[in-house]
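Worksheet for the structure shown next.
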Amino acid sequence: MTQSRPNEFIPPPECPVFEPSWEEFADPFGFINKIRPIAENTGICKIRPPPGWQPPFACDVDRLHFTPRIQRLNELEAQTRVKLNFLDQIAKFWELQGCTLKIPHVERKTLDLYVLYKLVKEEGGFDGVCKERRWTQIALKMGFAPGKAVGSHLRAHYERILYPYYLFQAGANLMVRSLKHFYNFPFPLFSLITFIKISQRISLKIRKYKQSKITCSVEQYICLVCGGGGDEDRLLLCDGCDDSYHTFCLIPPLHDVPKGDWRCPKCLAQECGKPPVAFGFEQASRDYTLRTFGDMADSFKSDYFNMPVHMVPTELVEKEFWRLVSTIEEDVTVEYGADIASKDFGSGFPVKNGTFKVSPVEEDYLSNGWNLNNMPVLDASVLTHVTADICGMKLPWLYVGMCFSSFCWHIEDHWSYSINYLHWGEPKTWYGAPGYAAEQLENVMKSLAPELFESQPDLLHQLVTIMNPNVLMEHGVPIYRTNQCAGEFVITFPRAYHSGFNQGFNFAEAVNFCTADWMPLGRQCIQHYRSLNRYCVFSHDEMTCNIASKADSLELELASAVQKDMCAMMLEEKMLREKVYKLGVWHSQQVDYDLLPDEERQCAKCRTTCYLSAITCPCSPDQLVCLYHIEDLCSCPARSYTLNYKYTLAELKPLFQALTARAESYEDWASKVNKILKADQDNKSDLEELRSLVVEAEKKSYPETDLLSHLRQVIQNADRCTSMAQQLLNGKRQTRYRSGGGKSQNQLTVEELKSFVNQLYDLPCTIRQAPFLKALLNRVEQFQQQSSDLLAEDTPGSSALQSLLDEGAGLDVELPQLVVLRQRLEQARWVEAVKEASDQPADLSLDCMRRLIDQGVGLTPHACVERTMARLQELLTVCEHWEEKAHNMLTARPRHSIETLEAALQEVDSIPAYLPSCLQLKDCVNGAREWIMEADALQAGGRIPGLAALSELVSRARSIPVMLEPLSRLESLISEVQAWKESAAKTFLLRNSSHSLLEVLCPRCETGPQKSKSKKAKDVSVPCKKVEVKLDSLFDVEKALSTSKYTVSAMATLSEVHQKELESLSMLRTSNESKFQSSPSCLAPTVCLCHTVPAGPMLQCELCRDAYHSGCVPGFKDIQTGLPWLCPLCKRSEKPPLDKVLPLLASLQRIRVRLPEGDALRYVIERTVRWQHKVQLVSPTQHPNGKVSLIKLGTELEELLVEGLLMQVTLPELQQLYRSLLNRFSPSQHSLQSSEHDHQYHIAQDRSPPHRSPPHSKGQKNSKRRLEKENTEGQHRDKIKKPKKKKPKLNKERRREEKRTTSPSNSLSDLSYSDDSEEDWSVCSAKQCQQPEGNEVNWVQCDGSCNQWFHQICVGVSAEQAENEDYICVSCAINDLTE
């Protein structure tokens, strides 16, 4: 199985990043020492220089050339390299046997032979796994899905490929199975030792046989396994030792002779047993310049990621890097220009006397402490005292990286600090572990890849091995990361393992440095190197002695650190020399090791550079050992050894004493400080004396010891106490009372004040404010006593509480008694507030009670508060209950009766509080009582209420949340009135009419739209009215009708309006008729709706006498012949017949509600009846010669016609009157009417008046045409006969008598016909005769007082009803109603 794709790489947490200010950046080691407590916990940290710090790049790009290292990524990772080494061994094992290893595939994945080999080995070996049938469990552990029989495939591959190698590694010979077969009897498998002996014995015998060269019948070559020489064609000859073996005697047996070289098991063991070659990076075969390497690096990255190099995300590169180092199949190779000596090609930083010339502005970078050429040799750096120029440690190294080029896990030489600066290019990704986890990281890597460390114990010092940070973190190693961008520093701390890789082409520079805190770690590192037999870069003892020789010029901190290190060195050296002396080494000589190179004074055993002493022997004068490994020098006795030393112990003492003198120069100063700090109360010094000691320490650069820190802390505490004491005494400290109730940050409690006073007296120096604060403390204690006495009282007075509170507030001390006093004061004030509110129930609302309760809840519990709270809570509960009950009563559906509400109000009256809902309920009950009284008064005594008063009363009732019994009845009346109004509107109003029902039924206040009011109408006096009421508009009329209490006054109002209507109409008719009077000087009159001059066929309204173009009148073709025509302005309603109007009045009388429309309808009917009486009274006078006197009747008939046309009811009398006038009057009176249509005329060019003009030829012609038409119509009517059969209920004589005594109206309707003959031709008296045609038309005669004849179809009577029932016409019904 192939290495499964690892889980996606999870980046470790980020290391700390520091951004120093310019002031901090000026002292590199000072800043590093400042951040060390934080940064050393992560091992690495990143520093961003202040903005603007950009040193010039000083490296000679053209001269720089280097040979990079070749890095195969999958060989870098420890676990991956172990797998590769294993596969190499397997491949070599089979190759030496003439077979080529082909790694099988399982489930379409390459089988991981290493994992399979390790798992089988852990499970007890091949035989144990087979016996316990654990191949399925092994398949599951290798990540295969269950249930696919993978275990059997794994067993087959293991047995074929790995099991022979396992036997070989275990030391078993492959000839065992063949020996069994050879001897042909079963025997147990020999142990490893026994088998090896047998094999060696057989091999020895065969060799003796070969060497004897005795000629016999035995073959020249025999099989060393079976001892036989047969089957020569199956004998294999080893290409290494020429031994022979049968192919079938080998395990596994070979079916064919191998084509390549074949090694026997003995040679195979020799070849495979050779130790592996130590892993290291190869050098590339090509030499690069910086430019050519950059082209190669950019080309590689862009081709690999298939995008421009600057667009590849760093996260993607990071995940891809760790994927590549963990896979076996993908072999990606990169190159890394590492450890390039800056002294050969120049540093990236400018240096003094260098080839790179800096500008005056950039000269500061030459001596800057962050210049990596300067940092190792700064005064505070320990490496300054190392005499040799060590490349990489004292001299920077250059690093030219490309994508995926990496630096493996390592720590710096001698566990020193390192600093790396990225001059330019793409980022460098770092991983680091803190120094305390170094051994943990080493142990994890050794446990995960033990094979590598067996052959290379110092593998981690070779910088060739890497391991996934996620794997280390899974085993508990803390790992941190960062991306170092151009212009940023990365610092690694002592013994901090770090690794990383480059994101792309970049240029970095690095160097080591050591500070005073590193000294003990440096000596510990030497001991560690000695245990690993690792060489040292420099001699730590030599560096210590060099530093000690300059003790007078050392900084105290460094002198102190070196003193401790030298003390340890001298003790160790003394112990070792005593040990050597005891072993018998008495010969000694002084040797100047400073003059010897390091490689000539290394211990032959541990490779440690010797300086103070070493052991040599005359037998090998060029070889020496340190005093730790005297036993490993040679086999000569110790007495022949010579102790070589640099210094005697006596010579080391002056150096140590010089360090001690420098390190302990401030002992006198420390003695003074200790004496002052430990002085008793009477011998204390002044604060200024302590300050002078601090100034002395700073002046002499004493180290930051605990004593100096303590002295500074004492002075700081004394200064703070002095300032606080002065503030307390001056009263300038903020108090919580003045700041709004919060505790002041600086306010002291009593205990703190006591402690503060004690602290003042405990200071090792005197404070002059201490006695005054002692007096303040006495006042505070006195206040506490008074507070205790006052609070002990049961009911302390509020004035006393307030007075004591004021006194405590002035003490400027946090007093717990103030809180209690304030609580008691708040309690007293609250109780008084509750009592005051209870004394005024009218103002005690629910909100007031809740507010008081909320205030009381926040108070500290007290008996008085609890009693008051209980009473207030009980009252609130009762009030809320009644408020809710009242609200529910007000909103209840169905509503409550007035008796129920009054009963509830009686209980509410006893509650001493302001309850708005209850008051609203009370107002509603009172309103309901008043409403019921008004409703009863409205219909008392049989009065008929008006609609307005009724509607107003119902509207008021709906807003009263009380069940009112009369309301439903009144609402029913209003509903009936609305239904009646809708019925009346359907009866009277035209379709899409803009007039209201009242506007149609009332007489018109104005006879036409947009009439000028140049002349005032004549005042009409109304005797019955004492006060004149303005009736100029419909609104005035409606208001007058609504406010009138009686029908008589309403009728008088309508009569007055009617009178105005007649006068206005008369003026309008006169004005319109005067338009057509011939006047040469006048302009053409404007007529019609379009207000233009007359032209073409015209129509004249019978009411307003205005003329209209036939084309402007809608429905011109539907105008009926013989009927009066009204213009659109005068025709305001449908003018229903009277028989449809009377039921409306009757239904309104049943409703018994007065409304303006009803009064108007009543007036319409009364006016109609009066008009009918007038028509009956007015009959044309007969002259003896039988001719009508037109002069006498003209005016009266015209007024009757006008008044009839004004009525909004269709009457047959009006039609008969109009037809009679058309038939009886002379043609001159109708000269405007033409034969084309009764109401149509033509306007002459001379604009002659259309009415009452003298007869002209044209008028005669029109009259003639009119008569012709009338004759034609008469002939048509004559065809319709009356029924011969009379109604059986009335005989002929009775009908004739009734006809003689009929009213004048009826006479008018039948002027041209005889009353005597049954065969007379007659006209139907219906208002709108349908003029039926046919051979037989059914008639019916009125059984009332008029005896008129009607078509049965025109009055809606069937033949059966006419025969069996009485028929009363509309006119007779009106007369009966009037009577």
Side-chain angles (χ1 to χ4, degrees), residues 741 793-802 805 819-934 955-965 967:
E793 299 180 7
D794 186 23
T795 54
S798 59
S799 59
L801 290 171
Q802 187 63 52
L805 278 172
V819 178
V820 181
L821 291 173
R822 192 174 296 105
Q823 292 173 353
R824 293 297 297 273
L825 183 60
E826 291 175 354
Q827 293 169 358
R829 288 177 178 174
W830 181 78
V831 173
E832 292 175 359
V834 173
K835 187 176 183 304
E836 182 180 356
S838 301
D839 294 340
Q840 298 178 356
D843 298 331
L844 187 59
S845 62
L846 293 178
D847 291 338
C848 180
M849 285 186 280
R850 293 190 185 102
R851 186 172 61 254
L852 288 172
I853 290 175
D854 292 341
Q855 294 173 358
V857 168
L859 297 176
T860 305
H862 192 268
C864 181
V865 174
E866 292 176 357
R867 288 194 301 269
T868 307
M869 179 69 73
R871 291 196 297 268
L872 189 60
Q873 186 68 49
E874 182 180 3
L875 178 60
L876 176 62
T877 303
V878 173
C879 293
E880 287 177 342
H881 168 71
W882 278 106
E883 273 291 274
E884 183 179 2
K885 188 174 182 179
H887 177 74
N888 294 336
M889 288 181 172
L890 292 173
T891 59
R893 293 292 183 275
R895 295 173 175 174
H896 293 284
S897 63
I898 192 171
E899 292 79 9
T900 303
L901 300 182
E902 287 179 341
L905 288 176
Q906 290 179 359
E907 299 183 32
V908 174
D909 291 339
S910 61
I911 300 176
Y914 170 72
L915 304 177
S917 297
C918 295
L919 294 177
Q920 184 182 357
L921 183 63
K922 187 175 183 180
D923 294 339
C924 292
V925 171
N926 295 335
R929 286 294 182 191
E930 295 176 0
W931 187 89
I932 292 175
M933 293 175 61
E934 292 182 14
S955 177
R956 283 173 48 202
R958 288 172 180 167
S959 63
I960 300 175
V962 182
M963 185 178 67
L964 303 173
E965 295 180 358
L967 178 60

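These numbers come from the heavy atoms of this one structure, side chains and all, not from hydrogens, waters or symmetry mates.
The side-chain heavy atoms of Lys885 and His887, taken from C-beta on, include no pair separated by under 4.5 Å. Put simply, the side chain of Cys879 reaches to within 4.5 Å of the side chain of Ile911, judged on heavy atoms. Residues Glu883 and Pro916 meet the side-chain proximity criterion, which asks for heavy atoms closer than 4.5 Å. Between Leu859 and Gln823, the closest side-chain pair of non-hydrogen atoms is not below 4.5 Å. Considering only heavy atoms from C-beta on, Arg871 comes within 4.5 Å of Thr868 through its side chain. Under the 4.5 Å side-chain criterion, counting only non-hydrogen atoms from C-beta, Glu866 is in contact with Pro861.
Going from atom CD1 of Ile853 over to atom CD of Gln873 covers 4.0 Å, rounded to the nearest 0.5 Å. To the nearest 0.5 Å, atoms CG (Leu852) and CG (Leu844) are separated by 7.5 Å. For the atom pair CE (Met869) and CG (Leu876), the distance works out to 10.5 Å, reported to the nearest 0.5 Å. If you take CD1 on Ile960 and OG on Ser955, they are separated by 10.0 Å, rounding to the nearest 0.5 Å.
For Leu872 against Trp830, the heavy-atom pair with the smallest separation is CD2-CZ2, 4.3 Å. The minimum heavy-atom distance linking Trp882 with Cys918 is given by the pair O-SG, 3.8 Å. Pairing each heavy atom of Cys864 with each of Val831, the nearest pair is SG-CG2, 3.7 Å.
Applying the salt bridge (charged side-chain N to carboxylate O under 4.0 Å, His left out) test to pairs two or more places apart or on separate chains, those with a residue in residues 846-859 are Asp847-Arg850, Arg850-Glu880.
Around CD of Glu884, the count of heavy atoms belonging to other residues, nucleotides or ligands within 6.0 Å does not exceed 12. By the neighbour-count criterion of 12 heavy atoms within 6.0 Å, atom CD of Glu874 is sparsely surrounded, having that number or fewer from other residues, nucleotides or ligands.
Although no hydrogens or angles enter the test, the distance criterion places a donor-acceptor pair under 3.5 Å between the side chain of Gln827 and the main chain of Thr860.
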>> Go through it in stages, so that I can follow the logic: the residues are Asp843 and Tyr914, the test is side chain to side chain contact (heavy atoms under 4.5 Å, CB included), and I'd like the CA-CA distance, side-chain angles, deciding distance and then a yes or no.
In response: CA-CA 6 Å; Asp843 298 331; Tyr914 170 72; over 6 Å; no
> Arg929 and Asn926: side chain to side chain contact (heavy atoms under 4.5 Å, CB included), yes or no, with the steps?
Replying inline: CA-CA 5 Å; Arg929 286 294 182 191; Asn926 295 335; 5.6 Å; no
> side chain to side chain contact (heavy atoms under 4.5 Å, CB included) between Arg893 and Arg895: does it pass, once the steps are laid out?
Replying inline: CA-CA 5 Å; Arg893 293 292 183 275; Arg895 295 173 175 174; 3.4 Å; yes
